[in-house]
Amino acid sequence: MRGHPRRGEADLRVSPVSASERGAEVGRRIGVGLMYGLWKPRVLGSWRVPATGPVILAVNHSHNIDGPMVMGVAPRPAHFLIKQEAFVGPLGPFLEGIGQVKVDRSGADRTAITRALGVLSDGGVLGIFPEGTRGDGDFASLRAGLSYFAVRSGAPIVPVAVLGSTERRGRLIKELPPLRSRVDVVFGDPFEAGDGSGRRTRKALDEATVRIQERLTAHLADARRLTRR
């Protein structure tokens, strides 16, 4: 099924459903079963994710289940940028099979960049942890990757806050939240990272990063007030 670019997005034409997109849909269905089977996700604002066209999900990252949780509860299949260290043993082919993008964080990974831009040019959903690594999950330190993909593609960013994954440790598996505990996932309003000029200079990316951080931080604060977490 072919999509049609929205006004102003003529350079992002939607191609027929690819094997990677089909894999991401399989991953979404697996995520639905696992996340709702093991925990009690409360999903707020998922209707804010545009139903069609390229989208970037910017997710805070404080626990290893944050990515799978968003994959399972998002209304569209997502392709996450995932560090290559996670692609070990049988998990590697599995992650590649469900359309996830392996990233070498030691330098500029051109293969990963090309694949990520390809997801967006095909009208897909790209998931990014803008903090670059697992931490406090407060968007306090953003890397430039998110602004690059947003400005280069013109895709809107949807902020996503995952709350509750680190509040308590499970009894059976201490590295995971307690089974059947509630994890909140709050989707925010989509926004454009660029200033409308189309500039892709280093200064433009730096300015975009500042705007993005302000929007993500504000969304996280709103999500915490809404969920009381």
Side-chain angles (χ1 to χ4, degrees), residues 5-13 24 45 48-50 53-62 66-67 70-71 74 76 78-84 99-162 185-223:
R6 295 180 298 176
R7 188 182 301 275
E9 291 183 348
D11 60 328
L12 290 174
R13 301 187 183 277
R48 294 189 172 99
V49 178
V55 180
I56 298 174
L57 301 181
V59 186
N60 68 325
H61 194 23
S62 58
D66 295 341
V70 174
M71 286 178 59
R76 297 172 58 187
H79 308 256
F80 269 85
L81 291 173
I82 301 175
K83 62 183 180 180
Q84 68 174 4
Q100 305 311 294
V101 182
K102 178 169 60 176
V103 181
D104 181 353
R105 299 181 299 174
S106 64
D109 188 337
R110 296 187 179 276
T111 299
I113 291 172
T114 299
R115 284 197 60 195
L117 290 174
V119 167
L120 296 172
S121 68
D122 283 346
V125 178
L126 181 67
I128 296 180
F129 300 113
E131 296 158 290
T133 187
R134 185 159 43 94
D136 292 333
D138 56 3
F139 294 124
S141 178
L142 267 60
R143 294 193 176 188
L146 175 55
S147 61
Y148 172 80
F149 288 119
V151 173
R152 172 75 182 272
S153 69
I157 296 172
V158 172
V160 185
V162 181
V185 182
V186 186
F187 293 85
D189 291 318
F191 66 92
E192 305 289 338
D195 60 4
S197 68
R199 294 181 301 129
R200 300 176 182 175
T201 62
R202 170 55 60 184
K203 181 179 179 181
L205 292 179
D206 289 342
E207 292 172 349
T209 298
V210 173
R211 285 191 293 272
I212 290 169
Q213 187 166 31
E214 290 175 349
R215 293 292 296 266
L216 297 186
T217 301
H219 170 67
L220 183 60
D222 288 342

Give, for atom [atom1] of [X] and atom [atom2] of [Y], the distance between the pair rounded to the nearest 0.5 Å.
X      : Y      : atom1 : atom2 : value
Thr201 : Glu207 : OG1   : CD    : 7.0 Å
Asp104 : Thr111 : CG    : OG1   : 9.5 Å
Glu192 : Ile212 : CD    : CD1   : 10.5 Å
Leu205 : Arg152 : CG    : CZ    : 10.5 Å
Glu131 : His61  : CD    : NE2   : 8.5 Å
Leu81  : Lys102 : CG    : NZ    : 13.0 Å

Query raised in the report: Sub-3.5 Å donor-acceptor pair from the side chain of Arg76 to the main-chain atoms of Pro50, do we have one?
Result: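 Side chain of Arg76 to backbone of Pro50: a pair is present.
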
Query raised in the report: Would you find a donor on one side and an acceptor on the other, under 3.5 Å apart, between the side chain of Gln100 and the backbone of Ala78?
Result: yes

Measure across [X] and [Y] and return the closest heavy-atom pair with its distance rounded to 0.1 Å.
X      : Y      : result
Ile113 : Tyr148 : CG2-CE2, 3.9 Å
Gly45  : Phe187 : O-CB, 3.2 Å
Val119 : Val125 : CG1-O, 3.7 Å
Asp189 : Pro159 : O-CD, 3.4 Å
Ala155 : Val55  : CB-N, 4.2 Å
Asp195 : Arg211 : N-NH2, 3.5 Å

Report task. Would you please test Phe149 and Leu117 for side-chain contact (heavy atoms from CB on, under 4.5 Å) and show each step? Result -> CA-CA 7 Å; Phe149 288 119; Leu117 290 174; 3.7 Å; yes

Query raised in the report: Are Val162 and Asn60 side-chain neighbours, meaning at least one heavy-atom pair lies under 4.5 Å?
Result: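 Yes; the side chains approach each other to less than 4.5 Å.
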
